Each structure stands twice: as C-alpha cells, then as structure tokens.
Amino acid sequence: MLVVENTKCECGHQNSVGTVLCESCGKPLLPSEAEGADTPLEMRYDGVARRSQKSNPNVIDRVWNFFSSVKIAIYLIVITFLTSMLGTIYPQENTFVNNFEPAVYYEETYGLPGKIYYMLGLSHTYESWWFIGLLVMIGTSLVICSLDRVLPLYRALSKQQIRKHPQFIHRQKTVYKQTVEGDPEQWAEQFGAQLKRKGYRIHRDGSSLLAEKNRFSRWGPYINHIGLILFLLAILARSLPGFQMDSYITIPDGDTVQISGTNYYVKNEKFIVEFYKDDELPETLKGTARAKLFKTQAVLYECTSNCNDPLKQPELTEVKQHDIIVNDPLKYKGLKLYQFDFDMTPRLNAVHPMLIDKQTGKSYGPFDLPMKDSAPKHELGPFTLELYANFMEFALDSNGKPTTLSRDPVAPAFIFTVKGPGLAAEGEPYMYFPMQKDKVKFAQDVINGALAEKIEIKVEGMENVEFSEASTYLNVRMDRALPYVWIGAVFSMVGLLMGSYWQHRRIWLRIDDGDLSLGAHTNKNWYGMRSDVAGALKKIGITVDPKALDNGGNNA
Amino acid sequence: MSLVEFSSDVFLVAFFLYCFAFMFYVIAVAGKKWSNRKPADHERRWGKIAFITSSLGLAAHLAFFFTRWAGSGQIPTSNMYEFMTFLGMSIMMAYTIIHAIYRKPLLGMFALPLTVIIVSYAAVFPSDVQPLIPALTSNWLKIHVTTAALGEAFFAVGFAAGLMYLLRVVDFKQTSKEARRSQFWVEFTLYSLVLIVGFIIAVFGFRGAGYEAHFIQEKSEIDIKGIEQTTTEKVAYALPPIVKPYNSQTVEMDSFLGMEKPLLEAPYWMNGVNAGRKLNTVVWSVIAGSILYGLLRLAFRKRLGAVIHPAMEGIDPEDLDEISYRAIAIGFPIFTLGALIFAMIWAEKAWGRFWGWDPKEVWALITWLYYSAYLHFRLSRGWQGLRSSWLAVIGFVIVLFTLIGVNLIIAGLHSYSGA
Amino acid sequence: MGKSRKTVQIVILAAVLIIGGYAIGSTLFASDSGGALKAGSEPPPFTLADLNGGTKALSDYQGKAVVVNFWGTFCPPCVKEMPEFERQYAKWKDQGLVILAINLSEDTLTVNNFVRQFDLNYPILRDVNRKTERSYGLRSYPTTFFIGPDGKIMEITVGGMTEQEIDDRIERLLQL
C-alpha cells in the first residue's frame, strides 16, 4: 500500500490515509485535531478513512468521490423536492385520459403562464429526462455513499480495542472524571455489572472497560438505503416491455369484450350504481347525488380454442367471477380490473316484436330481433319476414337515400320484405323503427303506406325489450414489478425503524492510578446516553446530574 | 342523546381543557418571577397541574373520537373537520409521548396553543357526519390517514420546540444586521400564526352573526357534438364578499358595514366559484389577522417575539434543540409508513397504481424528502441549533401546505376533503 | 485490495451508466412517440375474415406494397373512396399492389348490402368488436395505412383523400 503521510499511530497501529482517529486506540491523528484541544471529537464513522478518500484521484475516483459526498446527496434531495413542486402548479398531462391536446389545453385554460409551463416541459415534469436524471443520480449516490461508509464502519466496529487513548475518552461528548479508591479492576467490574443490567454487552481488559449496546442500529440507514435502491430499480423495471399494462375498456351491460393484448375476455353482467337516500345524508347534503356504490358484476373468461380464427366464435372458459367495486378489483394471475368510470346512456340490444295481421286481428310471434346480426329470415304463421336492410342510426342522405350516421344503435331501423296472405307474391317492403320516438320522427306509417293498413310489427310490453342500462369503464392493469416495489418498501421501513428507534451506545472507561476516565458515545439521543451513564453511576453510589456529563459540542 | 351528539359535547370539553392547560403552562413558565415561592417548585407544581389538565383534555378528545366512530359507524377521518380534529388529537398524543421522555413542561406552552388553533380550525368546516363515497371505503385508507397524521403530529411538536428554540436564542435587543434578520423572520412566523387565529375569529364572528351571500356563475361550453352546454354553479359565502367569483352574479347578499355589493372580482384564471370563495377567505384572514396582530402590538408595545423571549430565559436551548430533533426523528419513520407506504398500498387497491403523481402524493413526497434532507443536514453536515430549528419551522409549513394548501389551491384526487 | 476496489468502482459506475442511461434514454424516446403508430413503425398483425368465407392475414402479403384502409358505411368520405380504390387497384395490381379494406365492425347485412352496390375486386375484411381498429390506434375515419414492401409503414393518412392523392401515394409506395 502506498503511504504518503505518516499514518502510523503511537500505539503501533498502521492506519490508512484519511483516518481521523486511530482505528485501534482512538488517538486523534489529524493535525487539525491537535493535541491539547478539548472540544469533542468528530466521531462520524468512528473516524476511519472512507473508501473514497484517496491521495491521488483519477477520473473514476473523481466521479466516485462526487457521488460519495453526503453534501452532494443533500443537494440532490433538495433540488428534487424543489423541482417536484413545479409539477404541482398545473395538472400534469397524464391526468387526462383521452382526446387531449396538451399544446392547446394549457394555453387555453391558463393563458400565457400555461403556455410557458407547457413549453418548459413542466406539464410532464415527472417523466422528463432531467427529473429521471435526478432520480438516477440520487440512486447512484445512495449506492456509492453507503458502500463507501458501511464497509469501513463495519471493519472499525468489528475490531474495537477496549483500552482507548485518554485523549479519545476525554474528548467524547459525554465525559465523567473522578478519582476512585480501591481496586480499579473491582470498580470496573461493579460498574460493568450495572451496565449489563441495562442491556449493555461488557468487554473488559484489566481496569479498562468497553460497554456497548444496539450496534445493529448502525446498519439501519444502510438497510434503508438498500430498500430505496430496490424500490427505484423496481420502478425502473416497470418501463421494460411486458412488465406493465395499463388500458381501459368499456363494456355495456351484458357484453363480453376481449382485453386487448391478452387471451382474456370480460363480461359485464350488470353495472350497478347506488346513491345515498336523503335520510342517510346530513342536512347540508340532502338532495345531492352522493354515490354510495359503483359495482360491476364481472366474469373473466379465458379463450381456450379458436382464439385467432376470425371465422369461428372463440371458445371461452370462465375462470373467475367477481363483483368489482372501488377498492376491490378483480384479480387473476397478476391481471387486475378496476372500477374506473361508467356511462348511464342506455343502449337498445334487441326487441321481441309481434306481427299483427290487421285484417284478421291475429298476431304472430314474438320473434327475436337483435339490433346487430339479426337472422335474415323470420317465419311467422302464414307470413315471412326477410330482412332487406338495417340501419343503426337511421337518416336520409343528401340524395334522400336511407343511410346510417354511426354504427351504434342510436336510432335503429329495419327494412323487411314481407310475404303472406293478401300481399304481393314477390313481397312488399315494410320499414320498422323499434323506438317509438323514431317511429314518430320518421313517420313509419306514412312510409309503409298501404301496407301499414294490413300489418303492423309491434313490441308489446317492456319485457320484450332488451337493453343495456349502462356501460362500465374498467381499468385493466398488470404490474409485474409490484412485488419488488413492496420488498423495497419493507427493507426501507425496517432500516428506518432500526436506525431511528434504537441507538448505538458505547461507554469506554479506564482507570489510571486511581483516576477514572469515562467517555460515552451514541449516534443519536444524547439525553438517553447521559441518563444511562448517570443511572449506572448512581447504582454504585455516585450521584451526578446527567446534564453535568455533557462536554458540549454537537447533538447529532 | 345519540352517540354522535354526545361526542360533540365531549369535544367541546376537550377544547376547553386544552385552553385551560395552555393557561396553566403560561402560569408555570411566566409565573416563576412573580410568585413568592421558589421558582423551581412553582414550575414543577404548575407544570404538573397543566400536564394533568392537558391529559384530561386528550382523554376527552379520545372519547370524542371513539364515540363518534361508534355513533356514525365510520372512522372519523374522512372529511376536513374530522381530519383536522384528528390531527389535533395526534399532536396531543405526540406531545404526551415527548413529554414522557423529556419532562419539560415548557413544551406544552407551545404544543397546546398549536393544538387549540388546529382544533378550532377544524370547527370552521361542517361538522356533520357525511356518508362515505365508494373510493373512501377502505381499511387501508383509515390506516393511511391515521398513521400519516401521527407522523405529522411529531413534526408539529418538532416545530413547536424549534420555534421555542428560536424565541429563546434570538436576542430581541441586538441591532446587528444578522440579528435583525432573525428577529424579522421569528416575528413573521408569529404573525403567520396570528393570521390563522384571525381567520378563525373572522369565520366564527360572521357565522355567529349569521352572515350570508350567494353567487351564481354561468359557464357555457361547447361539447364534442358542437352543442352549447350551459352549466350554472352556485356558491355561498360565509364571509362578506370583498372578492366575488369571476364572472358571477349576486343572488343575494347581506350588507356589511354599508357594503352592499362585492368590492372586487376574482381574476379570470381562478376557475370555478370556489376559487373566488377561497380567495375571499384568504383576504379576510389577512385583514382579521393583521388587525389582531396590530391590537397585540398596541397592547404590549413591543414585538411579540420580544414579549415571549424573556419568558424563555432559564431554559437550556440545547434541550429544545434535542427535543425538536428527537420529535422529528421519531415522527419520520411513522410519516414514511403512513404517508408513503400505506398511501401506496391504498392507491394500489383503489386505482391500480401505487403512485400517480397526484399533487397530494407529490407534496407528501416533498415533505418526506425535506425531512430526510433535514436528517442528513443534521447527521452529516452538523446543522444544529439555529439552522436546525429553522428547518424544523419551515418543515411544518410544508406539512401544513401538504395538508391544507394543496386542497385549497391545487385540486387532485384528495380533493374530497377540500375546504 | 487496491485492485479489487478499483474493479468494484468500475463495475458499479458501469452499472449506473447502463441502468441510468436506459432510464433517461427511455424518457427521451417515449416522450415523442407515446406508443402510437407512425411512419416507419411496423404495422400490428391481423387475421380477418373476408366476404368469401376465407381469411386474410397481413402476413400473407410479406414483401408486397399493401394499402390498409379502414372504412364504414356510416362514414361518407370512406364511401366516396371505395370506387376510387377500385380504379387504383385495377391500375396498379399488375405491379403487385395489394389493397385490404377493413370494415369497422359493422354487421354482415350492412356490409353485404353496401358491397353489392359496387363491383369491388380487392378483399373486404371484417373486423370484429373493433379489435384490429384498436390495435391500429384509430381515432377517426377513414384512416389509410400505406405499408411498403419492407414491412414498414410509409405513411398514415387520416381523413379522406382525392383519387389523385391516392395515386401519388401508391406510386411512391411501389417505388420503395
């Protein structure tokens, strides 16, 4: 090993460059910690050399040193939370689901500030390269800072010397000096026994003593950091293809829809929305529509055959049935379906009308007439109805020809060729509008002319009408990185608890010619440290105000 | 009497006990000089009385919480009134825990008024039990809200101790540039607290007088099919409208000191009628708070900081620094668990994503990053005493913004609890 | 020890560079595409029924210039384009042009009635439940995808075209 400075301690121990306190006896080594000064020592990482402190750095070392600095880490944290604030000024782009033109939206809604906000890219702050860059740098800093400190600290704590240099003891933050009478070894043993009852582990070397407790809490921050790194990596993994799925599907009541990109189909048996009744609401909210329940009775199917054959119906096998409500999604093998939204626009699915022969007064049917893909021919007693054409949203085009304005059954119409007694042999056209409003609007009876006098197609009663009352919007999610996110969170939390609620406390003691020197150190909670020392002293007959043990200096 | 009514009565009892406890703490601290007994005995005696009173207050508050829970069938943390009372209760719990560790009565002199302010702020909001909307019926939500509030309560205690530290060490007699700057900011902090008190007084004053004003705002929008849709929004003001909502009409308005119609109108970029109402509330807080502050200054004839500073003498500033730090160090893991981890679990259950960069989530993250910076500054950069106390004070401002400011200013998924 | 330490440093910094580079890089590229199809991307595969009881898949026409047109009877510009595509098909089919006209999930009778009015020689395909339409990310109709012999999308045209515009594009497509 290349040694530039003389780092050999008077106790004979060879320390590495950058060591603040001798790794063995604890004597201050740096000239700045000059002898004679009696301010408390800098005890961070037990005064060992951090890995990054090297005498002649090259480029890699410089990068390493940059990220190993806690100062830089704090700056990164500060910059991150300051820039995060910017992203909350206006809504972010990802809060809008569809048909959204950000370039127009921000300027229209918020004027010039909105336009600037959008142009600066703040409308997607958290997906921007610089924000992700900050997170990457924080991650790097977490790895390098921890690695640079945990290894030397581990080394220092695993080979502690019991007998420390007097200067080391006298310059602790909690110090007690006193002349003791009698056998020093016996004194130390008595004192040690008291500390043992407080949960300290006692190491003795003649009249010297080292009492230590809760060393594990020193590893808390590092476990926390490992958790955070796992968490960040898990989040990053979500951007890999196939790790995540996030899509929306709309299912009218009774329909079955394929979840695109998968082999699964979902059926919405029925969507139910309930509101609170007035007697359940307090005075101020009476008369308002306060939602009580959104529920989709869903069935999940898996396609077992004919999945990709467009000529055949896919064969579906039910795999799960679940009532999806908010806070209770349908879950199946990592796939999750969440209640997202709904639409109460009803949709006509099918009618079961009767054919009435006005001449005889007899009626035939009912027959099944779905709005889409109806059977081409219906035999009703002596009559035959052949479907000639159908329209989903009936209208007349500029040439007066019937046409459809959309593919949704908003204003459905059917043209049948009717054959039967008293009708032309080649059949007569009959136009049928299942909805009463369209029947009136387009004057069905006028169009049908003379035929309207002879027959009528008519639905009797609502039980012969099938419609979807509502459509449910489901959010389809899959997130394979999720378990790793939780593992990261658990690590982080465990580390945090270890580091926060337990403190590593150490007490060094030596007796030279009847002069007792006692120094104590903790990484947190000096109040507790002092009361431990004062308590133990009291038990062996020395009363001392805990506050009097304070040697000044920092309260880290 | 129903359980919910009973709980409201107990709540009132808790509130008065807190007020008395605060007075006893003031007597304990400020009375050391005028009492003819030994100061140490006096402090111990009155400190004990005050602590017992505040503990009784907490007991009554807990009784309120559980009876309301039992009476309404849902945990009372689901609207702003319930959440703020819960936060007040959490601060008292955090205070009691810290008191049990350090046994410094003086902390109560700051923690109690903070609780009183927060609890009275809660009473500004409608206090009736509102049945839950579907998104809020989740056990994880209950756990998330309560744990997060407890963490924030420890930050509040850290704030109280930090502010005490500042009042203890900032010398109001010095005139150096740096001292003046510290004096200014300490005074500003106190002024801000007075503003909140002013707001509460204004609200209760006008509520007591039964003041009301109503506005409507018509908005026309052209929907996807090209049809113009007109929506009408209504808003009721409980404070006289200095500022009315943008582009709105007065439906009816009580006159106030000869003010028959609104003085000003909210700017165009304040969307919706509630933005106007909130702006009006802020204007009123500043007016009422400034009047109150002016009266206090007139009464004492010196800055509030200079009034409190002498009472702090004899307290070891290092103790305050340690208490402030300790409270934050205890609160940090609780906050992490409640405001981030449990929040993520709930978000995952409710929306299928554990994180969505919703403003409330972002601000919880900002709070967390802020306090982790605080801990690193303290542990690794040796920021202690003055700097650390300032950080503790600013930190609580961030906490309050996350809890209240985000709801007032930025609407997001959490806007259910909006003010 | 000095050597192993150096290795550790290099390994960690390299990992940071790769992982961090990926993270930042993916934000840069994701920001402008957003997953939607654009010129240069590969068209999603499909297998659909035609009107003669058979099926046609996009993969059947590898190495050929393919025009994929989404149309519906309810969309007047789509209707107007149908005979124009027919004339273009007649003009270019000898040079290997393929036109696939995908109907927007309408029912059988509607499609048959419509097609009967024209004499169309290129295949009419039937989408079901808007599946193909969704995978192509359609937002309005008609939308036409011009796919080159290299299997990549040359151009996406949203909205109706004049016959001249169709002609120009096919000419360019065949020159690829």
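Predicted model, so just to flag it, every value in this text is computed and none were measured. Chain letters run A, B, ... following the sequence lines, proteins first and then strands; every chain starts at 1.
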Problem set entry | Portion of Ile330(B) that has a non-hydrogen atom of chain A nearer than 4.5 angstrom |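 Ile330(B) touches chain A through backbone and side-chain heavy atoms alike.
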For this session: Please look at Leu375(B) and chain A and tell me whether the side chain, the backbone, both or neither of the residue comes under 4.5 angstrom of a heavy atom of that chain.
Result: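 Neither part; nothing is under 4.5 Å.
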Exercise. Any luck finding a side-chain donor-acceptor pair between Asn327(A) and Trp346(B) under 3.5 Å?
Worked result: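 A donor-acceptor contact under 3.5 Å links the two side chains.
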Problem set entry | Residue-level interface, residues 332-339 of chain B with chain A, non-hydrogen cut-off under 4.5 Å |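 Residues in range: Phe332(B), Pro333(B), Ile334(B), Thr336(B), Leu337(B).
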Tell me, do [X] and [Y] make a side-chain contact under 4.5 Å, heavy atoms counted?
X: Asp550(A); Y: Glu318(B); value: yes
X: Ile325(A); Y: Pro134(B); value: no
X: Asp319(B); Y: Lys547(A); value: yes

Exercise. So which heavy atom on Pro131(B) is nearest to which on Arg290(A), and how close?
Worked result: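 So the two residues come closest at O-NE, 2.6 Å.
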Exercise. Between Trp357(B) and Phe131(A), what is the ring plane arrangement, given parallel below 30°, perpendicular above 60°, and tilted in between?
Worked result: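 Ring orientation, 0 to 90° scale: perpendicular.
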For this session: Return the orientation label for the His225(A) and His376(B) ring planes: parallel under 30°, perpendicular over 60°, tilted otherwise.
Result: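 Because their plane-to-plane angle is under 30°, the rings of His225(A) and His376(B) count as parallel.
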Exercise. Using a heavy-atom distance cut-off of less than 4.5 Å, which residues of residues 483-491 of chain A contact chain B?
Worked result: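 Residues Val485(A), Trp486(A), Ala489(A) are the ones that qualify, each having a heavy atom under 4.5 Å from chain B.
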Chain B contact via [X] - which portion, at a heavy-atom distance below 4.5 Å:
X: Tyr501(A); result: side chain
X: Leu482(A); result: side chain
X: Tyr338(A); result: side chain

Problem set entry | Residue selection (most heavy-atom pairs with chain A, distance under 4.5 Å) from Val129(B), Val362(B), Leu340(B), Ile101(B) |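 That would be Val362(B).
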Exercise. If you measure from the Lys or Arg side-chain nitrogens to the Asp or Glu carboxylate oxygens, is any gap between Lys524(A) and Glu322(B) under 4.0 Å?
Worked result: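 A salt bridge is absent here (no side-chain N lies under 4.0 Å from a carboxylate O).
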